[in-house]
Participant: 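Quick one: this structure, given as structure tokens, is what I'll be asking you about.
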Amino acid sequence: LDIWVYQLGWADGPYPPTHWETLHWLQDMGFRVNPEIGRYDGLEGVERHYHQWADRRHDLEYEIDGLVVKADPFQHYERLGVVGREPRWATAYKFPPIQATTKLLGIEINIGRTGTLNPYAVLEPVQVGGVTVSKATLHNEEDIRRKDVRVGDTVIVQRAGDVIPQVVGPVVSKRTGRVKVFVMPDRCPVCGTPVVRPEGEVMRYCPNPACPAQAFRWLTHFVSRGAMDIEGLGESWCYVLLEQGLVKNPADIYSLTKEQLVGLERMGEKSAENLLSAIEASKDRPLGRLIFALGIRHVGSEIAVLLASQFGSIDALARASVEELAAIPTVGPRIAESVHQYFRDASNLGVIEKLRRAGVRMAEEIAAAPPEGPLAGLRFVITGSLASMPRSKAEEFIRQLGGSASDSVTKKTDYVVVGESPGSKLRKAQQYGTRLLSEQEFLELLRQHGAI
DNA sequence: TCGTGTCTGCTTAGGAGCGT
DNA sequence: ACGCTCCTAAGCAGACACGA
């Protein structure tokens, strides 16, 4: 009997490790497995019904041309010798990260939204775990020093959590005399301003707020999903708008006209209309989103929502003193100072004025203390992907019911929701003995409390 | 109609630094 | 000391629109 195993989303290259195991496993059971046919391309009439092993004792079930193949993942993983703490049905298996060696061609610098100089490795493209890796972050100069990687080195590359490319370190035995120690630049590679490294901090900053790189990062941050969420405006268009001088700061987006947009290369009527309506729609985002979008240092999505709920308007926030700010729980002196400073800067105030004139919502009712939901006081963490909804949606539901959703597992975490291909959070949860929830159980929980 | 460019959606690691 | 948030990073398929 021939079995074709079909996995969505992997058109090329090797299968994810768990999938590989499944192939072998089916083989062991006496099926002839044809992994080559199992590619995403060109497969017709093969449907995948793939119940996750995270579901308690649920069968793994493949339907192939009307033939249903069932198997028990519990036994499968047990046979592999991969048995974690209870409940064992949630144990997933991953190979250790697959590594490869390649050449470090150079180290280049990105400028972050806050002006940080972020070095990254430019690598000779290499296949690692099924994808081509050509770049990887090096975090900062200390990290480069710790790893002691030099330009020209042969380096080991892996995919952390099987996803993110990472430089592990050099293969010192392969080092030739021609390697070069990397030196962080003294000047911003984009605007040439001498960089500063505040005492006690590890990152170097470009102190020029008008640096084009920072303007670009601010703009992309402003329009991003978590902030004002302007659909259709990605990095490329941000770049074009800045380069053409149509936009100098985020507030200028709101005075773009159709004529201006249509004049751009590869921007037609349709795109221009879509973009303008997306911009229009963004005027009504919740206050927290706007505060986040302003890009104040130390104010991310969480603190922004907190500030919105405390002050209720941009004006009230702008008037707040350092003491008032620091009096808020979880806001300390650094954050308070950062916020206060932001609203003392003339150009920032100019942007805010312009946003106001454009009709961007600047205030909202201060919500009464959030009603105590059924999940009040419970901390959730999600790992892996959920089939039924994006992670952000799941987190929204959790908050709606009064729970909190964070992204690192600690001893205080109450539940870890395990989706498909979970990462290291699952390991950590097992280590702490944190209660695990399969996607089905999670959905059941939401249903119980009427969230869905 | 079709090749090409752009954006979206979806994932996780981990250093740094803040708050308590 | 510990927990949490901020911030950035890479990759790829697929949807959609442009423009010839």
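Because the structure is a prediction, the values reported are computed rather than measured. So that the names make sense, note that chain A is the first sequence line, chain B the second, and so on, each numbered from 1.
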Participant: Output the residues of residues 212-221 of chain A in contact with DNA chain B, where contact means a heavy atom of the residue under 4.0 Å from an atom of the strand; sort by number or write none.
Facilitator: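 Heavy-atom cutoff 4.0 Å gives no residues at all.
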Participant: Go through the structure and list residues passing salt bridge (charged side-chain N to carboxylate O under 4.0 Å, His left out) with Arg145(A), not counting sequence neighbours.
Facilitator: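 Glu142(A).
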Participant: Quick one: on DNA chain B, does Asp229(A) or Asn140(A) contact a more 5' nucleotide (nearest heavy atom)?
Facilitator: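 Counting from the 5' end, the first nearest nucleotide belongs to Asp229(A).
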Participant: Both Ala272(A) and Ile303(A) contact DNA chain C. Taking the nearest nucleotide for each, which residue is further toward the 5' end?
Facilitator: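 By nearest-heavy-atom nucleotide position, the 5'-most residue is Ile303(A).
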Participant: Can you identify which nucleotide, out of dA10(C), dG15(B), dC18(B), has its nearest atom closest to the Lys135(A) side chain?
Facilitator: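 Nearest nucleotide to the side chain: dA10(C).
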Participant: Measure from the side-chain heavy atoms of Asn118(A) and tell me the nearest of dG17(B), dG15(B), dT8(C).
Facilitator: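 Output: dT8(C).
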Participant: Please confirm whether the shortest side-chain N or O distance from Ser134(A) to OP1 or OP2 of dG11(C) is below 4.0 Å.
Facilitator: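 Result: yes.
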Participant: How many whole angstroms separate atom CG of Asn110(A) from atom P of dA9(C)?
Facilitator: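 The distance from CG of Asn110(A) to P of dA9(C) comes to 5 Å, rounded to the nearest Å.
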Participant: Report yes if at least one side-chain N or O of Gln166(A) is closer than 4.0 Å to OP1 or OP2 of dA10(C); otherwise report no.
Facilitator: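 Checking dA10(C) against Gln166(A), no side-chain N or O comes under 4.0 Å of OP1 or OP2.
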Participant: A quick test of your reading: do over 12 heavy atoms of other residues, nucleotides or ligands sit less than 6.0 Å from NZ of Lys147(A)?
Facilitator: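 More than 12 heavy atoms, drawn from other residues, nucleotides or ligands, come within 6.0 Å of this atom.
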Participant: Please identify each residue that fulfils side-chain contact (heavy atoms from CB on, under 4.5 Å) with Ala213(A), with sequence neighbours left out.
Facilitator: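 Scan of Ala213(A) (side-chain contact (heavy atoms from CB on, under 4.5 Å), adjacent residues dropped) gives Ile111(A), Val190(A), Cys211(A).
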Participant: If the plane angle is over 60° it's perpendicular, under 30° parallel, otherwise tilted; pick one for Phe292(A) and His221(A).
Facilitator: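 Ring orientation, 0 to 90° scale: perpendicular.
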Participant: Measure CG/Leu117(A) against C1'/dT8(C) and give the value in whole Å, please.
Facilitator: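 After rounding, the reported distance stands at 13 Å.
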Participant: When Val149(A) is tested against each of Asp143(A), Val155(A), Ile156(A) for side-chain contact (heavy atoms from CB on, under 4.5 Å), which residue passes?
Facilitator: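 The side-chain contact (heavy atoms from CB on, under 4.5 Å) with Val149(A) is passed solely by Val155(A) among Asp143(A), Val155(A), Ile156(A).
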Participant: Would Met228(A) and Arg285(A) count as a side chain to side chain contact (heavy atoms under 4.5 Å, CB included) here? Give the steps.
Facilitator: CA-CA 6 Å; Met228(A) 300 302 269; Arg285(A) 298 282 178 250; 4.3 Å; yes
Participant: Under the side-chain contact (heavy atoms from CB on, under 4.5 Å) rule, collect the residues that match up with Arg319(A), sequence neighbours excluded.
Facilitator: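 For Arg319(A) the side-chain contact (heavy atoms from CB on, under 4.5 Å) partners, ignoring immediate neighbours, are Asp315(A), Ala316(A).
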Participant: Checking Gln341(A) side chain against Ser338(A) main chain: does a donor-acceptor pair fall under 3.5 Å?
Facilitator: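 No: the side chain of Gln341(A) does not pair with the backbone of Ser338(A).
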Participant: Could you state the atom-to-atom distance from CD1 of Ile144(A) to P of dA16(B) in whole Å?
Facilitator: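 About 12 Å, once rounded to whole Å.
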Participant: With sequence neighbours left out, write down each residue that passes side-chain contact (heavy atoms from CB on, under 4.5 Å) with Thr116(A), or none if nothing qualifies.
Facilitator: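 If we apply the side-chain contact (heavy atoms from CB on, under 4.5 Å) test to Thr116(A), skipping adjacent residues, the hits are Thr114(A), Asn118(A), Met203(A), Tyr205(A).
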Participant: Over how many whole Å does the gap from Ile111(A) atom CD1 to dT8(C) atom C1' extend?
Facilitator: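 Taking CD1 of Ile111(A) and C1' of dT8(C), I get 13 Å after rounding.
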Participant: Roughly how many Å is it from CD in Glu108(A) to C1' in dA10(C), rounded to a whole number?
Facilitator: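 So the CD-C1' distance, Glu108(A) to dA10(C), works out to 15 Å.
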Participant: Atom CG of Leu233(A) to atom P of dG5(B): distance rounded to whole Å?
Facilitator: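 In whole Å, dG5(B) P lies 20 Å from Leu233(A) CG.
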Participant: Measure from CZ on Arg297(A) to C1' on dC6(C) and round the result to the nearest Å.
Facilitator: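 Value for this atom pair: 10 Å.
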Participant: Scan residues 333-341 of chain A against DNA chain B and write down, sorted by residue number, each residue with any heavy atom closer than 4.0 Å; if none is found, say none.
Facilitator: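 Pro333(A), Arg334(A), Ile335(A), in order of number.
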Participant: If you assign Phe292(A) and Ala136(A) each to the DNA chain C nucleotide with the nearest heavy atom, which residue ends up on the more 5' nucleotide?
Facilitator: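 Result of the comparison: Phe292(A).
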Participant: Any idea which of dT6(B), dA10(C), dA17(C) is nearest the Trp237(A) side chain?
Facilitator: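 The answer is dT6(B).
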Participant: Specify the separation, in whole Å, of atom CD of Glu142(A) and atom P of dA16(B).
Facilitator: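 Checked: the CD to P distance equals 7 Å.
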Participant: Looking at Lys258(A), I'd like to know if its NZ atom is crowded, meaning that more than 12 non-hydrogen atoms belonging to other residues, nucleotides or ligands lie closer than 6.0 Å.
Facilitator: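 Counting other residues, nucleotides and ligands, NZ of Lys258(A) exceeds 12 neighbours.
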